[in-house]
Structures are given as structure tokens and as C-alpha cells.
Amino acid sequence: MKKSGAKIFVDTLIEHGVDTIFGFPGGAVLPIYDQLYQSPVRHILTRHEQGAIHAADGYARVTGKAGICIATSGPGATNLVTGLANAFMDSVPLIAFSGQVPTSMIGNDSFQEADIYGITIPVTKYNYLVKDVNNLRRVLDEAFHIARTGRPGPVLIDIPKDVQIKETEFWEGKEIDLPPNHRADDLDIQKQIKRAAEAIRNAKRPVLYVGGGAIISGASEPLKKLAEKASIPVTTTLMGKGSFPETHPLSLGMLGMHGTKYANYAVTEADLLIAIGARFDDRVTGDIKRFAPNAGIIHIDIDPAEISKIIKVDIPMVGDANDILSALCKMLESKRHPEWLDKIAEWKRDYPLSYDKSGNEIKPQYVVEKIYEVTKGDAIIATEVGQNQMWAAQYYLLDRPRSFVSSGGLGTMGFGFPASIGAKVGCPDRVVFDIAGDGSFQMTIQELATAVQDGINVKIAILNNGYLGMVRQWQEIFFGRRYSSTCLGKSPDFVAIAKGYGAEGIRVTKPEDVEPAIKQALQTDKPVVIDFCVSPEENVFPMVPPGEAIDKMLDQGSGK
Amino acid sequence: MRHILSVLVRNHAGVLSHVAGLFTRRSYNIESLVAGETEDPDISRITIVVAGDERVLEQVSKQLGKLVDVISVSDLKYDRAVTRELSIITVKSTAKTRYEIIEIAEVFGAKVVDMSEKTITIEITGEERVIKNVVNLLRPFGIEEMARTGLIALGLKSPS
């Protein structure tokens with residue numbers, strides 16, 4: 001029996017367990033869309049291809065499955081590029097499909113032709129241009145393998161229209177034949193685990209520094225065991241948020257540029273730093289020379305290239321965090337560090353996260369705190385990028401992984417809202433809140449139509465300050481309050497916009513109305529946009545100025 | 001510090017873009033990059049000469065190792081590898097200088113492959129330093145055109 005490329009495409013996706021894809025049709029993917037018309041796969045039509053890929057990304061982050069999206073050739077395909085870069089930076093398993101002009105027309109500057117293969121090489125884990133329908137099945141199987149294994153990442157597959165139409169007998173899956181995707185490190189992992197256990201035994205001031213890799217690996221359980229057994233405080237990166245319960249007494253919250261003071265102090269004073277699935281990003285480390293200056297460094301990562309990329313590692317362990325932590329845990333005896341934990345408790349008492357609660361304006365931090373209270377800390381939180389993102393990270397404590405959907409590496413404004421749609425599709429039983437800024441939200445606001453059409457019941461909390469807040473904050477502190485192009489002027493009527501799309505809209509201008517509005521939104525069986533009119537010039541603190549050591553933090557009132 | 005990386009890759013369209021792109025993207029400096037088939041037509045060898053300290057080299061090797069098409073990466077030591085480069089050089093010549101140029105070529109085992117009234121073209125194969133030497137000696141006559149292949153290399157199997 002022969003099958004067309006388009007049929008192979010849909011059948012293979014189903015075989016790989018795909019039940020939902022996000023996309024936007026067009027001329028070069030018509031054969032595929034024709035197959036989807038009669039298939040059991042749910043297709044969610046976004047209003048922009050960028051919305052489709054961010055939704056697939058959000059879906060992947062909360063479910064751990066590969067997110068799937070599809071776009072047509074040319075502009076459809078190029079609209080995927082930001083989403084690919086975003087997923088690549090945050091190691092999200094994603095497979096993006098683009099249609100391409102027929103093979104005979106490639107290279108002719110044909111209508112809606114773009115060299116998406118060439119364009120996406122630097123922003124994908126791997127990519128394909130499938131020129132022969134006989135290779136399509138192999139490519140699809142490989143893509144699922146590549147996207148999901150090792151350090152996950154996005155794969156793009158460009159499929160010319162004629163390849164979708166042509167038929168072949170070669171549509172059955174075969175064993176994957178790829179070069180092993182990691183360079184074998186000559187480190188004996190058992191030996192390294194022993195060394196790490198020894199280092200932990202000898203440490204007096206250990207700190208666990210946990211990134212997104214721990215979430216991808218599903219390492220929360222052994223992580224908690226290790227922290228409790230050896231009595232080690234835990235700080236997470238933005239991407240690692242939720243890997244360790246933030247309400248746990250050993251939690252230090254987030255570290256880095258907008259981390260807690262106690263997390264940054266603890267890392268600076270530590271004599272042993274255990275990094276797990278984290279990559280020493282500049283937003284975490286500040287001045288690298290003064291980062292954890294007194295600490296030996298253990299680094300667990302599945303990607304050997306992350307070891308000693310930024311900072312020299314003493315005990316590298318390349319592999320799956322879950323496996324390594326479980327093994328490490330077995331080797332350790334219970335241990336207490338009363339002096340160290342006392343010291344940390346003192347920092348927590350003296351330098352808590354705080355904001356100025358006086359005045360009758362709504363403080364953005366207060367909004368996040370209220371969302372936290374009303375949703376009992378159990379919502380999935382998507383964020384946009386900038387101040388809203390940092391306040392969400394600081395004030396919405398998460399106790400479980402795969403609940404924080406935020407563009408960490410690339411810092412993509414406009415990511416959060418479509419990602420929240422994907423997250424809600426992936427976890428329909430959970431409350432999903434997008435904590436947004438008025439700037440970011442307007443970058444992908446058109447996806448309100450998607451949420452309404454498909455009944456995807458997400459809540460959007462706009463922390464509306466009328467500015468591109470984080471950039472304005474930098475201008476305030478580092479550029480003498482010269483607010484160059486960061487004032488958004490008169491705010492659009494977000495309530496009217498929401499209603500115009502068929503969603504619900506609520507405007508909140510007084511602190512006492514914050515909580516009732518959140519409750520009302522949760523009771524509304526529709527997507528709801530809540531426009532919180534917050535203090536326009538509120539800043540995110542603490543803040544490590546760029547290039548400074550992370551224990552040199554600015555606080556309320558500094559820099560003005 | 002310069003290093004020779006010998007990289008075995010799956011031989012298909014696009015692999016060179018993936019490898020070369022990595023260097024641009026991570027801003028590593030390539031001095032030369034040569035790709036060609038190996039004894040197995042499904043596998044190509046890319047020989048890359050890269051400048052940088054040990055840390056850069058380690059990163060380059062690891063990042064290369066992550067590419068899906070890369071089968072292996074080896075760091076060849078100059079003293080434990082046979083290295084060759086081919087160069088074709090067209091030098092300006094007159095009746096007066098012609099024999100002098102030929103003589104230089106002969107000393108280095110270079111071949112004269114073309115001659116006109118005003119030029120001589122020679123072909124030379126050797127280690128990089130040999131080629132540099134020849135180029136330096138020919139420069140005073142006026143080099144009209146030059147093409148170099150870039151370095152290829154294989155690790156030595158004989159005991160050191």
C-alpha cells in the first residue's frame with residue numbers, strides 16, 4: 001500500500017502520541033491540512049504563526065511532551081523563527097513543520113519561498129529539508145528522537161508541497177540510526193559521584209543551585225531528598241522555579257539579578273555549590289569572577305558542553321539529573337549544618353523580599369501576591385518578559401515543577417500569552433494565569449481570538465503601568481531618567497478589546513478591588529483579561545547592576 | 001595557540017552549513033576548514049584549524065560533538081599528525097628571473113605547471129611552513145595569484 005507524504009505526516013504524528021497541534025495554514029501546506037481535516041488530531045488555529053509556536057512551547061513545558069506546530073512556506077515559516085530560538089535557549093522539545101514550495105521551484109525565488117532550512121540552522125537543535133518522500137518517515141522518527149532526548153530542543157522540518165502529495169511504500173517506522181548524540185566523556189560517573197558525595201560530606205556551607213534541567217529530567221523527588229538529607233539550602237534559577245518547593249524551609253527562592261538577597265548572599269558565602277541542570281547564565285552570575293568565590297563547584301548536566309563553559313567546574317557529572325541525584329542520595333548520610341542554616345535564617349529575616357505598601361495605588365507585587373493567595377499557589381503561571389516576569393518569579397511561590405512557563409534565555413516579549421494557551425490545552429484541569437505587562441501583551445494580543453474560538457479558558461493579568469517597565473527601570477537607574485521611547489502613552493482599552501474578541505474584561509484601579517477581580521475571573525467560564533492599573537514607576541528590587549557581583553544589590557530607593 | 005580538529009561527519013547536503021555556522025554563531029575563529037569524503041562515502045572528514053586557548057578548544061570540540069551529524073571529533077597534535085596543504089601560485093617572471101624562480105621551486109619539490117611570457121605557475125604540496133617559506137621567497141618577484149586548499153591532516157599511527 002502506498003501513502004502520500006501528507007498521510008505519512010499525520011499517521012506518524014499519531015503513532016508518536018500527538019493529539020494536538022498548533023498552526024496556521026497556507027498554500028504550501030494544503031495537502032497536510034487536507035489530511036488533518038479528517039484526522040483525530042486536534043488542530044488549534046492561532047492568529048499568527050508566532051502564536052502557534054509559542055503555544056506549542058507552552059504545551060511542551062507543562063506536559064513534558066514534544067510540542068508540535070505547523071506553518072506554511074515563506075512568511076509563515078519565518079514567523080516561526082523567534083519561537084524556535086526561544087525553545088532552543090530554554091531546551092524545550094518542539095517540532096515545527098513548515099511547508100515549502102515544490103522541489104522543482106526551490107531556489108527560483110518562487111512565491112512565498114524562503115530558505116527556512118538555512119535560516120533556522122543556528123536556532124534549532126537540528127533541521128531538515130525533506131526532498132524525497134521516501135525519507136519522510138525516517139526524518140519524522142528522527143525528529144521526535146532528537147527533540148526529546150539528551151538536552152531537548154526544537155527541530156524544524158521543511159516539507160515541499162510535492163513531497164506532501166507524492167506517494168511511497170516506505171512509510172513504516174524503522175530503528176533510528178543516528179550517531180550517538182553526546183560525545184562520550186571519559187569521566188567515570190561512579191567515581192565522580194563518590195567524589196561529589198565526599199565533597200558534600202566535607203562542606204560546611206553548601207548550596208544547591210538548580211536550573212531548568214532538573215525540571216526536564218523530572219528530578220524534583222531526589223532533589224528534595226538530597227536537600228533534606230544533607231540539609232542543603234536550595235536556590236533556583238528562573239527556569240528551575242518549582243523544581244524544589246518554594247514554601248520549603250530550605251528554599252532560598254531565585255538567585256541572580258533579581259533574586260532574593262539571601263540566595264545571593266548564600267551563594268557568595270558558600271563553600272560548595274552544587275549546580276544541577278543550570279548553565280551559569282549572566283543573569284544568574286553577575287560578575288563571574290566574584291560568583292561563588294569561595295566555593296568548590298559540582299556541576300550535573302546532561303550537556304557536556306555546559307561543563308566549564310562559563311566557570312571552571314571541580315566535579316563534573318554528565319548525565320541525567322534524576323539518575324545522578326538518586327545515586328548521590330544513596331551515598332550520603334544525614335547531615336546537619338545548624339550554623340549555616342542559622343546564618344541563612346538570619347539573612348531571610350533581615351533581608352526579605354519587600355515593596356513599599358504605602359499609598360493607595362495598586363502595587364504590581366501586590367497583584368501577584370493576591371493571585372498566589374486566591375489560586376492557593378497551584379496555578380500554572382505563564383509570564384511575559386520584563387518586570388512582570390520578575391515579580392511573578394519573586395512573589396508567586398511554586399511547589400511543583402512544570403508550572404512556570406516563562407521565556408528565560410531568549411527573553412521573548414509576547415511569549416507568555418500564547419504559551420499560556422498551550423499550557424491550558426496541555427493541562428485543561430489547572431488554572432492558568434498569564435502575568436503580563438501592557439507592553440508584552442500587545443505583541444501577541446491577537447491570540448485572544450484563538451482562546452475564545454477554542455474555549456481555552458486562560459486568565460490574563462496585565463500589570464498595566466503604561467511603560468515598557470523594565471527598560472524604563474534601566475533608564476531610570478542607569479540613564480538619568482531619560483525615558484527614551486519607553487512610555488506607551490494612553491493605554492488602549494483592554495477591557496473593550498477583550499470584549500471585542502468575545503472574552504471577558506475587568507479593569508481594576510483600586511487595591512481593594514484586586515482580590516474580587518481575581519475571584520471573578522476564576523469564576524468566569526471564558527478567557528478573562530484583567531487590566532490592573534498599577535503604580536507606573538514601580539521598580540523590581542533587589543537588583544544586581546549588570547557586571548556587578550551578585551551580593552552587591554540595589555534596593556528600594558537606591559539609584560534615584 | 002592553533003589546533004587541528006579532525007571531525008568525522010555524516011556526508012549529506014547541509015552538514016557543512018551546520019558545522020561552519022557553529023563557528024560563526026559562537027564566534028570561534030577558523031583559520032581553515034576543509035571537507036572531503038573519507039574511505040566510506042557516507043562519511044566526510046572536515047579538518048578545521050582553529051585558534052584559541054585550551055578552554056576555547058574544549059568548548060569548540062564539545063559544541064561540535066553536540067551536532068547531530070558529527071560522529072567524532074579529535075584534536076590532532078601537530079607533532080603527532082601528518083599535515084599537508086596544496087597551493088598553486090602564479091608568479092610574475094621575466095626572461096631574467098625565470099630560472100631563479102624555477103630553482104626555488106625545485107628546492108622545495110614544487111612543480112612548474114604552467115608558464116607564459118610573463119608568468120610561471122607552480123604547484124606545491126607540503127606542511128604549512130614549507131608553503132609559507134615558498135611564498136616568502138616568491139613574493140619579491142611579485143605573486144600574481146595564489147590558491148590554497150587549507151590544511152588536511154591525519155593522526156600518526158606509528159609510535160612516537
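Only a predicted model underlies this, so the values are computations on that prediction, with no experimental measurement involved. Order of the sequence lines fixes the chain letters, A, B, ..., with proteins taken first and strands second; residue numbering starts at 1 for each chain.
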Could you measure the distance from the [atom1] atom of [X] to the [atom2] atom of [Y]? Nearest 0.5 Å is fine.
| X | Y | atom1 | atom2 | value |
| --- | --- | --- | --- | --- |
| Gln59(B) | Ile310(A) | CD | CD1 | 7.5 Å |
| Ser308(A) | Lys62(B) | OG | NZ | 5.5 Å |
| Leu178(A) | Arg10(B) | CG | CZ | 5.0 Å |

Exercise. Can you label the angle between the Tyr126(A) ring and the His18(B) ring as parallel, tilted or perpendicular, going by 30° and 60°?
Key: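 Tyr126(A) vs His18(B) ring planes: parallel.
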Quiz item: What are the two closest non-hydrogen atoms of Val68(B) and Pro179(A), and how far apart are they?
Solution: O-CG, 3.4 Å
Quiz item: Does Lys309(A) offer a backbone N or O that forms a donor-acceptor pair with the side chain of Arg55(B) under 3.5 Å?
Solution: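 A pair under 3.5 Å: yes.
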Practice problem: Ignoring hydrogens and angles, tell me if any N or O in the side chain of Lys66(B) forms a donor-acceptor pair with the backbone of Pro304(A) under 3.5 Å. | Solution: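 No: the side chain of Lys66(B) does not pair with the backbone of Pro304(A).
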Quiz item: Of the backbone (N, CA, C, O) and the side chain (C-beta and beyond), which part of Val9(B) lies under 4.5 Å from a heavy atom of chain A, both, or neither?
Solution: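 For Val9(B), there is no contact with chain A at all, as no heavy atom is under 4.5 Å.
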Quiz item: Do Ile307(A) and Glu58(B) pass the side-chain contact (heavy atoms from CB on, under 4.5 Å) test, and can you show the C-alpha distance, the side-chain angles, and the key distance before you say yes or no?
Solution: CA-CA 10 Å; Ile307(A) 306 286; Glu58(B) 192 186 326; 5.6 Å; no
Quiz item: Crowded around Lys77(B) NZ? As in, over 12 foreign heavy atoms under 6.0 Å?
Solution: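 Yes, enclosed.
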Quiz item: In terms of heavy-atom contacts, does CG of Asn136(B) have more than 12 from other residues, nucleotides or ligands at under 6.0 Å?
Solution: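 Count over threshold, so yes.
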Self-check item: Engaged part of Tyr117(A) at the chain B interface, taking heavy atoms whose separation is under 4.5 Å
Solution: side chain
